[in-house]
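Sequence lines set the chain letters: A, B, ... in the order given, protein chains first and strands last, and positions in each chain run from 1.
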Amino acid sequence: MEAVIQELESFAPEALSREKHKKIEGLKDLPGSTSKVVLRFAPNPNGPLTLGHSRGVVINSAYAEKYEGKVVLRFDDTDTRIKPPLIEAYDWIIEDYEWLAGKSPDVIIKASERMPVYLDHAEKMISEGYGYVCRCHVEEFRKFREQKKNCPCRENTISDNLDEWGAMISGKTSEGEAVVRVKTNMNLPNPALRDWPALRIQHTPHPLVGKKYNVWPLLDFQSAIEDHEQGITHIIRGKDLMDSTRKQSILYDHFGWNYPEPIYWGRVKVHEFGGFSTSGILSSINSGVFSGWEDPRLPTLRAFRRRGFDSQSLRELWREIGLTQKDISVSMQTLESFNSKILDPITERRSFVQGPIKLQISDEEIPQEVYCPLHPDGEIPGSRGWKMGNIVYIQADDLAPSVRLKDFADVKITETSLKIESEKRSDDRPIINWLPEQMARNAILVVPDGEKVNEVAGLVEDFNIEEGSIYQFERVGFAKVESVSEEIVRLIWLHK
RNA sequence: GCUCGUGUGGUGUAGUUCGGUCCAUCAUGACGGACUCUCGAUCCGUCGACCCGGGUUCAAAUCCCGGCACGAGCACCA
């Protein structure tokens with residue numbers, strides 16, 4: 001054995017120490033041709049972007065950057081009834097996108113302004129005998145689909161279909177009475193693909209184009225046409241849309257187009273939020289459960305921004321998770337950990353005394369000023385100078401006979417008075433945060449707590465408190481200054 | 001019911017294409033310690049996983065077969 005080792009050392013020393021496997025970092029390569037990548041992010045503008053959407057923004061913009069490609073932001077606003085577009089949401093989404101991606105989308109389009117394109121393709125499809133107007137009711141058609149039977153409308157002639165189509169687009173046919181289907185095959189093993197619906201009638205006005213159109217495409221049709229029009233090369237979508245890929249591929253075959261490369265991801269849940277949807281949030285806002293889209297309890301990007309999350313933390317989170325088809329459940333802790341790493345070196349420290357009690361210093365000689373560092377590791381040079389008097393505040397729950405007032409002195413507390421024992425740290429008594437009366441301002445710390453929002457009353461250090469800034473409050477955590485007024489400073493909790 | 005997809009530590013991920021370099025990577029977490037005038041940061045250490053059962057093979061997280069579990073689609077929503 002010894003001899004073998006010696007011999008190996010002489011001609012192949014690397015064989016003796018094996019290398020540990022390394023984790024491959026970064027996004028996997030996109031499939032197919034990547035010479036000119038065009039991606040798309042297609043939200044429904046029925047609200048601002050949420051944590052769920054952020055994955056799409058991050059992944060698409062990251063791939064666009066990797067391949068020097070483009071991202072099309074497309075508003076899928078073709079439903080005026082169930083998830084009607086919110087007129088303000090278009091701008092919100094662009095704002096949210098820019099905040100997250102760090103740049104504007106390369107192309108911005110609204111499906112509602114592209115209606116002529118979709119209607120033309122629908123008419124073309126019908127006149128080529130590949131689509132038909134179906135007057136069956138939903139339940140009737142469901143039976144045909146289940147039993148693999150053709151519905152009677154399938155046999156209508158092209159000219160009959162074109163007449164029916166004319167009636168649909170002119171508004172003569174009422175909502176719910178007809179739908180345009182793609183003529184696939186009712187014998188297909190996958191029931192989702194059997195003569196799938198492409199366009200339906202909607203007389204509810206659209207917030208942007210009003211009553212201009214009576215017939216609107218469904219997602220699978222609109223998206224299929226538009227992806228081709230925009231030259232999309234890769235579609236990154238949830239795996240719940242796998243059947244969309246299959247439906248649309250059938251249509252692409254008919255039109256003689258090449259389908260983009262589809263890539264799927266699984267469903268994401270966040271421990272702290274569970275499942276949520278934009279329309280669900282909207283109804284909770286309307287019923288008064290939440291104060292608005294920026295309510296700190298909400299997983300909207302606006303709420304995250306308001307609380308002080310750096311968009312970089314979201315980018316890191318989604319890059320780390322990457323693209324897998326697994327259904328996952330992530331914890332906010334992971335996001336917070338990314339955010340802390342970004343924030344810790346660049347945030348100044350301050351003192352926040354929650355539930356304060358007042359103590360009087362009994363010594364005759366009290367220093368006029370106390371200096372605390374802006375950052376303990378010197379990442380931010382300089383210090384905070386505190387004016388001193390004979391009144392100080394500490395947290396009621398820190399009350400103990402001997403404590404150390406951080407960055408100041410070891411003290412002895414009896415009743416409501418306090419005596420300085422040593423400015424130098426003399427033993428291992430607990431270190432607590434505190435404030436002299438001269439530096440204390442009334443403050444409220446708003447802490448989202450599940451369904452509730454707790455308002456913690458306290459005192460905040462009155463040293464260059466800037467509205468909009470994030471500070472790390474010692475022994476508390478990161479919080480953002482939301483507003484500063486004469487009477488009160490409002491802080492919004494971020495995380496530990 | 002039909003169709004589709006996914007199963008690696010508490011959580012997330014690498015490795016699976018082309019079996020060996022994997023007693024399985026990295027992050028997060030938990031626990032312990034060092035350091036520190038924050039319960040922050042930093043540093044060190046520990047914990048913990050290949051869904052199950054067969055098969056092929058000298059060798060299986062990786063290939064084959066069969067189970068099981070979970071998720072999704074079958075909307076005139078996106």
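- A salt bridge between Asp398(A) and Arg475(A) is present, with a side-chain N of the basic residue lying under 4.0 Å from a carboxylate O of the acidic one.
- Pairing of G20(B), defined by two Watson-Crick or G-U wobble distances under 3.5 Å, is identified with C58(B).
- Residue Asp76(A) is in sugar-phosphate contact alone, with no base atom involved, counting any heavy-atom pair closer than 4.0 Å across all strands shown.
- Among U38(B), C77(B), G15(B), the nucleotide with an atom closest to any side-chain atom of Gln472(A) is U38(B).
- Across all strands shown, A72(B) pairs with U3(B); the Watson-Crick or G-U wobble distances both stay below 3.5 Å.
- Looking at the side chain of Lys341(A), the nearest of the listed nucleotides C77(B), U28(B), C76(B) is U28(B).
- Here the C1' atom of nucleotide C76(B) and the CD atom of Glu140(A) are 13 Å apart, to the nearest Å.
- With salt bridges taken as basic N to acidic carboxylate O contacts below 4.0 Å, none links Asp79(A) and Arg81(A).
- Ionic pairing of Lys66(A) and Asp29(A) is present here: one or more N-O contacts between side-chain nitrogen and carboxylate oxygen are shorter than 4.0 angstrom.
- Nucleotide C31(B): paired with G45(B) (Watson-Crick or G-U wobble, both distances less than 3.5 Å).
- Taking only side-chain nitrogens and oxygens, Arg200(A) comes nearer than 4.0 Å to OP1 or OP2 of A78(B).
- G12(B) is paired with C26(B) under the criterion used here, namely a Watson-Crick or G-U wobble arrangement in which both key atom distances are under 3.5 Å.
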Contact string for nucleotides 1-12 of chain B, one letter per nucleotide 5' to 3', B = base within protein heavy-atom range under 4.0 Å, S = sugar-phosphate only, - = neither, reads -BSSSSSB--SB
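- A close approach under 4.0 Å does occur between a side-chain nitrogen or oxygen of Lys28(A) and OP1 or OP2 of A14(B).
- Remark: Lys172(A) does not engage Glu164(A) in a salt bridge, criterion side-chain N to carboxylate O under 4.0 Å.
- Using N1 to N3 plus N6-O4 or O6-N4 for Watson-Crick, or N1-O2 and O6-N3 for G-U wobble, each under 3.5 Å, U38(B) pairs with nothing.
- Pair assignment for G53(B) gives C65(B), based on Watson-Crick or G-U wobble hydrogen-bonding distances that are each under 3.5 Å.
- Salt bridge annotation for Arg40(A)-Glu226(A): absent, with no cationic side-chain nitrogen under 4.0 angstrom from a carboxylate oxygen.
- Ring orientation note: the planes of Phe221(A) and Trp196(A) are tilted relative to one another, at an angle of 30° to 60°.
- Nucleic acid contact for Ser340(A): none, since no nucleic acid atom lies under 4.0 Å from a heavy atom of the residue.
- Phosphate proximity of U38(B) to Ser351(A): absent, as no side-chain N or O sits under 4.0 Å from OP1 or OP2.
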